[in-house]
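One structure below.
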There are 2 protein chains.
Amino acid sequence: MLSSASKYAINAVLYLAVESSEDKKIGAKEVAEAIGVPTPFLAKLLQNLAKKNVISSLKGPKGGFFLSEENKSLKLISVVEHIDGLSKFEECVLGLKNCSNDKPCPIHFSVQPFKNTMFDELSNNTIEAFAVKVRNGETFLHY
Amino acid sequence: MLSSASKYAINAVLYLAVESSEDKKIGAKEVAEAIGVPTPFLAKLLQNLAKKNVISSLKGPKGGFFLSEENKSLKLISVVEHIDGLSKFEECVLGLKNCSNDKPCPIHFSVQPFKNTMFDELSNNTIEAFAVKVRNGETFLHY
DNA sequence: ATATTTTAAGACCTTTTTATCTTTTATTAA
DNA sequence: TTAATAAAAGATAAAAAGGTCTTAAAATAT
Ligand code: FES
Ligand code: FES
């Protein structure tokens, strides 16, 4: 459904949204251990997201990863977008050339509406919005 | 979303449902060229599906792959099931231990409807039912 | 200034997925 | 019964995804 890379990244970004701030930066190791994913692999993902300004980072003592207010106002889809790209949401599920209602593949009408809904949910809601629900105890990050 | 293997297999099985019969078996090469996927790779997939009785095959001249009436009455999900397995539809999209409405991950409610509906559509409709729509010109297999 | 901390960068390894090729076996038709 | 045909089986190879490690660079505190 999503690549492991995207899964780890969404988890990590939401962890940072809940736990970190400009004053409380968090190291890659701490994030990885908290969400239970391989540390060096996650570190790479966080570096990529930082380079693309989806999250923020600072080197040195007291440094680490964190989310600025600007970062938190990004839509959650931007995490997936910068790691997997959006092709998954654009292409035909069966790999046909164009996905459209005009020339639909056999499972187009079974799948397309929900593909779109999933994409819209991730595209319309900010990282902060998802984090709020975690803070409220409506949804959960770890086990 | 689905693996290439599953995509190819669904395409091929529906092609066979539309084009083949006990009297008109079709070689792996012809199927692969018709749906535009790599021949030897598809041949392996068809062999696997035949071994698992999702499709039928016969060796020798006039041999090839085809769908028996019994095959056609299988649900389309069985193609995916025998190639990718069903874990994709059962597991939490973010990889959390259990996917449930009780302890939902942050994107559970955004994604779960898509996962479930897609699974239900493929689980409730037979291969023949999808093939009928292709024959009627309601949906399409190639480009 | 210097030592320390932590990200950044990039090389490297492993596993899984995708793809190909060759040999064997079963079936049919002549 | 022999030649031709096409799947079955299995070995192999290439590419992508997943994961690790080492070194460099930046920031901080002493
Ligand atoms: S045409 Fe296949 S999903 Fe739209
Ligand atoms: S808990 Fe994550 S999708 Fe259900």
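Throughout, a chain's letter reflects where its sequence line sits, starting with A, and its residues are numbered from 1.
- Contact annotation for B:I26: backbone-only contact, meaning every heavy-atom pair under 4.0 Å involves sugar-phosphate atoms and none involves a base.
- Aromatic ring centres of A:F119 and A:F89 lie closer together than 6.0 Å.
- Of the side-chain N and O atoms in B:Y8, none sit less than 4.0 angstrom from OP1 or OP2 of C:dT18.
- Rounded to an integer number of Å, the gap from A:I83 CD1 to D:dA16 C1' is 16 Å.
- Note on B:A28: only backbone sugar-phosphate atoms sit closer than 4.0 angstrom, heavy atoms only; bases stay farther off.
- In this structure, the nucleotide among D:dA7, D:dA27, C:dT20 sitting nearest to the side chain of A:K59 is D:dA27.
- One atom, CG of B:D23, and another, P of C:dT28, lie 13 Å apart when rounded to the nearest Å.
- Note on A:T39: every side-chain N or O is 4.0 Å or more away from OP1 and OP2 of D:dT20.
- Atom NZ of A:K88 and atom C1' of D:dA17 are 12 Å apart (whole Å).
- Note on A:S3: only backbone sugar-phosphate atoms sit closer than 4.0 angstrom, heavy atoms only; bases stay farther off.
- Atom C1' of nucleotide D:dA26 and atom CD of A:Q47 are separated by 13 Å, given to the nearest angstrom.
- The nearest whole Å value for the distance from the CG atom in B:L49 to the C1' atom in D:dA7 is 14 Å.
- Among the nucleotides D:dA7, C:dA9, C:dC21, the one closest to any side-chain atom of A:K51 is C:dA9.
- Between B:K62 atom NZ and D:dA3 atom P the separation is 22 Å, expressed in whole Å.
- A side chain to side chain contact (heavy atoms under 4.5 Å, CB included) with A:H108 is found for exactly one of A:S100, A:P113, A:C99, namely A:C99.
- For D:dG10, the base has a donor-acceptor partner in the side chain of B:K44 [N/O atoms by modelled type, under 3.5 angstrom].
- When each of C:dA9, D:dT5, D:dC21 is scored by its nearest atom to the side-chain atoms of B:P61, the top-ranked nucleotide is D:dT5.
- Looking at A:F65 and A:V31, their side chains never come closer than 4.5 Å, going by heavy atoms from C-beta outward.
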The test is salt bridge (Lys or Arg N to Asp or Glu O under 4.0 Å); show your working for B:R135 and B:E128 and say whether it passes. CA-CA 10 Å; B:R135 281 195 215 100; B:E128 175 62 13; 3.2 Å; yes
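- Side-chain proximity of B:P38 to the nucleotides C:dT7, C:dT28, C:dT20 is greatest for C:dT20.
- Of the side-chain N and O atoms in B:S4, one or more sit less than 4.0 angstrom from OP1 or OP2 of C:dT18.
- For the pair A:L42 CG and C:dT7 P, the interatomic distance rounds to 11 Å; values are reported in whole Å.
- Distance CZ (A:F41) to P (C:dT14): 17 Å, rounded to an integer number of Å.
- In this structure the side chain of B:N71 never reaches within 4.5 angstrom of the side chain of B:I127, judged on heavy atoms.
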